[in-house]
Amino acid sequence: MKENQTTYAILGLLTTECRTGYEIKQLMDRSLNQFWKISYGQIYPTLQKLVNDELATVNSVAQTDKPDKKEYVITTKGKEVLQDWLREPIKQLPSERNEILLKLFFSSQQEKQLTISQLKNAQQKLTERYHMYCGIEDSISNSPSPDRTYWLITLDYGKRTTCASIEWCKDTINKLYDEDAHNLLIV
């Protein structure tokens with residue numbers, strides 16, 4: 001099968017209680033969105049490909065006063081493909097596109113106070129993200145899912161990297177203030 005991480009993400013989601021494209025998108029937005037994003041435009045074609053490749057089946061379920069919904073179920077072949085992929089070594093570490101770092105790299109082209117303000121704003125957003133992770137952690141901790149331990153480990157990564165980013169923002173702001181103080185002493 002062609003290397004497509006979205007395929008594996010959706011196969012994995014089909015091992016949970018997610019059965020429809022809508023449910024997959026909801027779980028993505030609630031739980032995986034900080035490290036893996038998938039749009040509806042990717043979900044439905046991928047589900048169709050999984051069915052075509054016999055990695056999943058689809059059933060139409062009648063609904064009252066609504067169109068039938070399609071429910072997808074991973075097949076034995078789909079589980080085998082997922083397990084084969086899980087066993088493969090990690091091929092590359094992720095690289096991130098980071099607007100904060102990109103702007104900071106060129107920040108000599110703007111007033112330092114604006115850079116500091118942007119860093120403070122980023123720090124605030126990261127703090128909000130950390131609190132969101134704590135809420136998710138409470139929810140997962142009470143889940144009876146057999147995936148709970150792995151979900152918590154994944155969430156721990158997000159919490160730790162977010163804490164590190166918050167500390168980095170604080171240190172960077174302090175360095176910029178210290179540079180201003182140093183320049184005042186030189187004059």
Side-chain angles (χ1 to χ4, degrees), residues 2-13 16 18 21-43 45-46 85-143 145 147-187:
K2 182 182 172 212
E3 187 68 21
N4 180 344
Q5 305 296 326
T6 299
T7 298
Y8 300 118
I10 292 178
L11 277 173
L13 289 168
T16 68
C18 293
Y22 177 79
E23 291 169 344
I24 287 170
K25 180 65 171 145
Q26 293 304 301
L27 184 58
M28 288 295 301
D29 289 349
R30 281 192 322 268
S31 299
L32 288 86
N33 199 35
Q34 299 305 319
F35 62 91
W36 201 265
K37 295 181 187 322
I38 298 177
S39 68
Y40 278 118
Q42 293 173 288
I43 291 172
T46 302
W85 173 74
L86 288 168
R87 286 185 201 102
E88 291 178 10
I90 304 296
K91 292 183 176 124
Q92 73 180 47
L93 293 175
S95 60
E96 65 178 298
R97 295 170 62 106
N98 187 318
E99 185 181 2
I100 300 166
L101 293 178
L102 184 61
K103 285 186 175 191
L104 189 60
F105 191 82
F106 298 111
S107 283
S108 67
Q109 302 301 310
Q110 72 176 359
E111 292 181 28
K112 190 176 292 183
Q113 197 52 47
L114 181 55
T115 300
I116 290 170
S117 176
Q118 290 171 328
L119 286 164
K120 286 180 179 180
N121 182 270
Q123 181 182 337
Q124 176 61 38
K125 287 180 179 181
L126 288 163
T127 301
E128 291 167 8
R129 176 184 290 174
Y130 182 81
H131 292 301
M132 177 194 66
Y133 285 159
C134 290
I136 292 170
E137 183 176 37
D138 290 342
S139 174
I140 293 173
S141 294
N142 296 321
S143 168
S145 173
D147 297 316
R148 181 178 67 209
T149 298
Y150 299 101
W151 292 348
L152 288 170
I153 291 168
T154 306
L155 184 62
D156 184 53
Y157 177 87
K159 287 176 64 180
R160 288 177 189 234
T161 58
T162 301
C163 280
S165 294
I166 291 168
E167 287 304 311
W168 175 84
C169 283
K170 290 177 187 178
D171 289 346
T172 303
I173 291 166
N174 287 334
K175 284 177 185 172
L176 292 173
Y177 280 135
D178 289 348
E179 182 183 63
D180 279 348
H182 177 74
N183 288 339
L184 286 175
L185 292 174
I186 293 175
V187 176

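All residue numbers in this chain count up from 1 along the given sequence.
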Give the intermediate values and the outcome of side-chain contact (heavy atoms from CB on, under 4.5 Å) for residues Leu32 and Leu13.
-> CA-CA 10 Å; Leu32 288 86; Leu13 289 168; 4.2 Å; yes
Determine, for Lys125 against Glu128, whether the closest basic-nitrogen to carboxylate-oxygen distance falls under 4.0 angstrom.
-> no
Note, Ser107 side chain near Gln110 side chain (heavy atom, < 4.5 Å) | yes
Let me see the working for Arg30 and Ile136 under side-chain contact (heavy atoms from CB on, under 4.5 Å), right down to the final yes or no.
-> CA-CA 8 Å; Arg30 281 192 322 268; Ile136 292 170; over 6 Å; no
From Asp29 CG over to Ile24 CD1, what is the distance, rounded to the nearest 0.5 angstrom?
-> 12.0 Å
Euclidean distance, Leu119 CG relative to Asp171 CG, rounded to 0.5 Å | 11.0 Å
Looking at CE of Met28 and CD1 of Ile43, how far apart are the two atoms once the value is rounded to the nearest 0.5 Å?
-> 7.0 Å
For Trp168 and Ile100, run side-chain contact (heavy atoms from CB on, under 4.5 Å): C-alpha distance rounded to whole Å, both residues' side-chain angles, the deciding distance at 0.1 Å, then the answer.
-> CA-CA 11 Å; Trp168 175 84; Ile100 300 166; 3.8 Å; yes
Are there more than 12 heavy atoms of other residues, nucleotides or ligands under 6.0 Å from atom CZ of Phe35?
-> yes
About how many Å separate CD1 of Ile166 and CD of Gln124, when rounded to the nearest 0.5 Å?
-> 9.0 Å
Starting from the C-alpha separation in whole Å, work towards a yes-or-no answer on side-chain contact (heavy atoms from CB on, under 4.5 Å) for Leu102 and Phe106.
-> CA-CA 7 Å; Leu102 184 61; Phe106 298 111; 3.7 Å; yes
Taking atom CG of Leu152 and atom CG of Asp147, what is their separation to the nearest 0.5 Å?
-> 10.5 Å
What distance separates Ile10 CD1 from Lys25 NZ, expressed to the nearest 0.5 Å?
-> 10.5 Å
Mark yes or no for whether Ser117, through its side chain, and Gln113, through its backbone, hold a donor-acceptor pair below 3.5 Å.
-> no
Contact check, side chains of Phe105 and Asn98, non-hydrogen atoms, under 4.5 Å = no
Would you mind listing every side chain to side chain donor-acceptor pair (under 3.5 Å) that reaches into residues 130-142, with sequence neighbours excluded?
-> Glu137-Lys159
Crowded around Tyr40 OH? As in, over 12 foreign heavy atoms under 6.0 Å?
-> yes
Does Ser39 offer a backbone N or O that forms a donor-acceptor pair with the side chain of Gln42 under 3.5 Å?
-> yes
Kindly check if the number of other-residue, nucleotide or ligand heavy atoms within 6.0 Å of CZ (Arg148) is above 12?
-> yes
Heavy atoms of Thr154 and Tyr150 approach each other most closely as OG1-O, 2.8 Å
